[in-house]
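In what follows, a structure is listed as structure tokens, so that the remarks can point back to it.
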Amino acid sequence: MIAGEECPSHCDAEVTACSLFAPSQWDAVQVGNQHLLADLTYQISFGKAEFNYEYTGLVTFRLTDVDALEPGQVWADGRSMAREAFEELADESC
């Protein structure tokens, strides 16, 4: 998730991290509450499997973590970091 990106038009002004929700160009069905709640911990998992390459990841965060992000920062590995630092971390993980 990257802070400071423009929220798509379907996001409510109360949502502080629109980039957490499916971009409008995705064919996604959103179910349930689309607002982050302060008293919950969230997890996003992802992965891709190819015949010669596979990766998975898990990000855990709270609303306070997202609210503290400055424009251009990324929440990864349990902390905020610049996008460039995230890309280096991802490269080192491969």
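When side chains are defined from C-beta on, L58 does not count as touching I44, because their heavy atoms never get closer than 4.5 Å. Residues L69 and W75 have side chains in contact (heavy-atom distance under 4.5 Å, counting atoms from C-beta outward).
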**Request:** Before giving the answer on side chain to side chain contact (heavy atoms under 4.5 Å, CB included), spell out for V66 and F61 the whole-Å C-alpha distance, their side-chain angles and the decisive distance to 0.1 Å.
**Result:** CA-CA 7 Å; V66 175; F61 61 94; 3.6 Å; yes

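The structure places CZ of R79 at 6.0 Å from CG of L89, a figure rounded to the nearest 0.5 Å. Between M81 atom CE and E88 atom CD the span is 10.0 Å, to the nearest 0.5 Å. In this structure, the separation between CG on D77 and OG1 on T60 is 11.0 Å, given to the nearest 0.5 Å.
For T64, the side-chain contact (heavy atoms from CB on, under 4.5 Å) partners at least two apart in sequence or on another chain are R62. Residues forming a side-chain contact (heavy atoms from CB on, under 4.5 Å) with F46 (at least two apart in sequence, or on another chain): Y55, V59. Taking E50 as the reference, K48 meet the salt bridge (charged side-chain N to carboxylate O under 4.0 Å, His left out) condition, with sequence neighbours excluded. Qualifying side-chain contact (heavy atoms from CB on, under 4.5 Å) partners for L37, counting only residues two or more places apart in sequence or in other chains: N33, D39, L40, Y42. For the side-chain contact (heavy atoms from CB on, under 4.5 Å) test, residues two or more places apart in sequence or in another chain that qualify with E54 are A49.
For Q73 (side chain) and E70 (main-chain N/O), a donor-acceptor pair under 3.5 Å exists by modelled atom type.
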